[in-house]
Amino acid sequence: MRVLIVEDEQSLATEIEAALQKNHFLCETAHTAKEALDRTDTGSFDFILLDIGLPDKDGFWLLKEIRKDHADTAIIMLTARGAVEDRILGLDMGADDYLAKPFSLLELQSRMQAIIRRKFKLNDSTVELGAFTIHLKNRTIHHGASAITLSRKEFDLLNYLLLHKNRPLSRMQLSDHLWGDNADDEYDSNYIDVHIKNIRKKLNAYADTDWLETVRGIGYKIKTEA
Amino acid sequence: MRLHTKLTLFTVAATIAVLGLFVWQLPRLMQKIASDNTNKNLHQQREKVLKAIGQNGIGYYFQGDSAYGSYSMLKDEYISLEPYTETADLTKLQTAQRIIDGDTINYRILIDTFAVNHQAYLLEIGKKITSIQEDSVALQRATIGVLVVLTLIMAFIQLFYTRYLLQPLGRIIRTRLIKTKFPFREPHRPLVTSTYDFKYLDQSISQLMQQVNHAFEKEKEFTSNASHELMTPISIMQSKIENMMTDPELPANAIPKLEDTMRIMKRLKKIVNALLLISRIENEQYDRNDIVAVKPMIREVLEELQHRADEKALTVEESLTNETILYHVNKDLLFQLFYNLIHNAIRYNRPNGRITISDRHANGDYYLYIEDTGIGIEESQHERIFDRFKKNTAQREGFGLGLSIVKSIADYQRISITVDSEKERGSRFELHFSASHLAQ
């Protein structure tokens, strides 16, 4: 998938690029609105990550310009302003999602995954995890015919690990995702352990959960073949 | 007491006092004037009598009698002439009784001696005392009447003028001091008055307000700019560390260090975010058009924080009335407000403690209480807990901004918040929603 990163802070653009390349995205970067338009005029992208605060033009203006010719491109707005109106304005003008700086690269990738699922109508997709079937849309998990009840946070946790499967996620990264800006340092990362314990307990009643691994010194990961 | 009231009271009191003094002294004064006047009259009459005698000759009056006497019909006045046998000249004024036609009457009498053709005569001119007094009383009455009317007129003129004069002061107090609430938004209209003092006062107040506004604006601007400027570098650092952590060649012992760095950065991010939030609230970047049902929102907050309450084995007791709906609020901000208060109630609670969330309606207003059995706040600190970066000494961590956010949100949505707390016993926060929050 091709991604255009429009971000005037070069080092931030570099980091985003590095993270996305690891996930096999093909990235290009632009540091000004003019550069961005040059790129979009000559090629098409699956994703455009668009910083609102560009030196030469207003990001919203650029968003409109790009949308004219690229109806199918997924655009995620990035901004340091984070004001509610900005978000609403951005989404109204055709952005697919919105991330306030500073954002975690993991979060960016989750959002991109969500958009991909939406764009390719993967909403109804189910994921097989060992002996379990996870329905992403219904937010349910089944073993054969029997449904297993997970709490909202437990499902979110499992889902997030699944989204970043085969990659160890730290307790802090997980708690950041679960509690967002309200996450509390020590406190909630300990609570991740409790959640994991509960998930294992609930699932172990039906089948093995060796795909949910504890990574010593870091946190947890879901290991799958696919 | 207001200045105008004081001045009015003073004018009235001073008028009454002066008038009273005058009325009290008036009889004496009038008597003096009347008696002086009588004396003068008597002297004038003597001149006339002597002139008449000079013209007509003394014989004309005596007509062979040894004495002459004449009095008016009501015996108000009398004149008597008789030969005078003593040698010494006599001129005097006296008050004495005379018997006229069998009536004994008090007279003011001028006694004088004069000589015509080597013969000395004694002249007496008398004026009835009671008639003098009657004059004096009539005079007194008239004077008092005129005086009272004049004084009243003066008092009213004074009152109205004072009122007119003080009007600008009242306007200054009403428009600049009572009505205005910080930050002072009202575009400034200079006061129209010809009184220099008020003009100066008004100008000074306006200048002060502008300076305060300006300082406040600068602080807001600074907070907003600083937070924005900080976000980008934090963003870059965070991304760099995140990427570093996914590097498979990263030595195992580097991971906890990076995690630590991330944690510190998160703390930085939280502080900046909190400052940004406050600055956005203060810049009125949130609308206040949401409608919020209190109970479901509190439930949502409690669910979000349940695990933390469980960890401390806290009993959470929520006994809210079902139907309370709040209008003219911002949903996100209100959530944050409840979240911060309940989070604090958990954070500062003791293990196995209790959190009570209750409410009541009173006089058309709505009160919400969040009460904990935690470490409490010293009385001396009650005022300061809402200030930025002032943290409770017993606080382990935290950024000193949680309650500051609470205060900003409450102020912004015109919710009044008060704390009632006792050290080591717990705290109770009261949120007071006015009637305007309960109606559409």
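Below, read A as the first sequence line, B as the second, and so on, with proteins coming before strands; counting in each chain starts at 1.
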>> If I measure from the heavy atoms of chain B, does A/Arg152 come under 4.5 Å with its side chain, its backbone, both, or neither?
In response: side chain
>> Ignoring hydrogens, what is the shortest heavy-atom contact between A/Lys101 and B/Met231? Give both atom names and the distance.
In response: O-SD, 3.6 Å
>> Looking at A/Lys202, I'd like to know if its NZ atom is crowded, meaning that more than 12 non-hydrogen atoms belonging to other residues, nucleotides or ligands lie closer than 6.0 Å.
In response: yes
> Looking at CE of B/Met262 and CE of A/Met172, how far apart are the two atoms once the value is rounded to the nearest 0.5 Å?
Replying inline: 4.5 Å
>> Under 4.5 Å from any heavy atom of chain A, what part of B/Ile234 do you find: side chain, backbone, both or neither?
In response: both
> Could you state the interatomic distance from CD (B/Glu303) to NZ (A/Lys153), rounded to the nearest 0.5 Å?
Replying inline: 7.5 Å
>> Is it the case that the side chain of A/Glu15 and the backbone of B/Asn243 share a donor-acceptor pair, with hydrogens and angles ignored and the cut-off at 3.5 Å?
In response: no
> Atom CD1 of B/Ile241 and atom CG of A/Leu105: how far apart are they, to the nearest 0.5 Å?
Replying inline: 11.0 Å
>> Assess the residue pair A/Ser170 and B/Glu259 against the criterion (side-chain hydrogen bond (donor to acceptor under 3.5 Å, both in side chains)); give the C-alpha distance rounded to whole Å, side-chain angles, the decisive distance to 0.1 Å, and a yes or no.
In response: CA-CA 8 Å; A/Ser170 72; B/Glu259 274 265 299; 2.6 Å; yes
> Taking all atoms of both residues into account, what is the closest heavy-atom pair of A/Lys22 and B/Thr246, and its distance?
Replying inline: NZ-OG1, 2.6 Å
>> Under 4.5 Å from any heavy atom of chain B, what part of A/Ser104 do you find: side chain, backbone, both or neither?
In response: both
> Which heavy atom of A/Glu9 sits nearest a heavy atom of B/Thr232, and at what distance?
Replying inline: CG-CG2, 3.1 Å
> If every non-hydrogen atom of A/Leu12 is compared with every non-hydrogen atom of B/Ser235, which pair is closest and at what distance?
Replying inline: CD1-O, 3.8 Å
>> Please check if the number of heavy atoms outside A/Lys223 that lie under 6.0 Å from its NZ is greater than 12.
In response: no
> Non-hydrogen atoms of chain B under 4.5 Å away: do they reach the side chain of A/Leu108, the backbone, both or neither?
Replying inline: neither
> Roughly how far, to the nearest 0.5 Å, is the NE2 atom of B/His307 from the CG atom of A/Asn198?
Replying inline: 12.5 Å
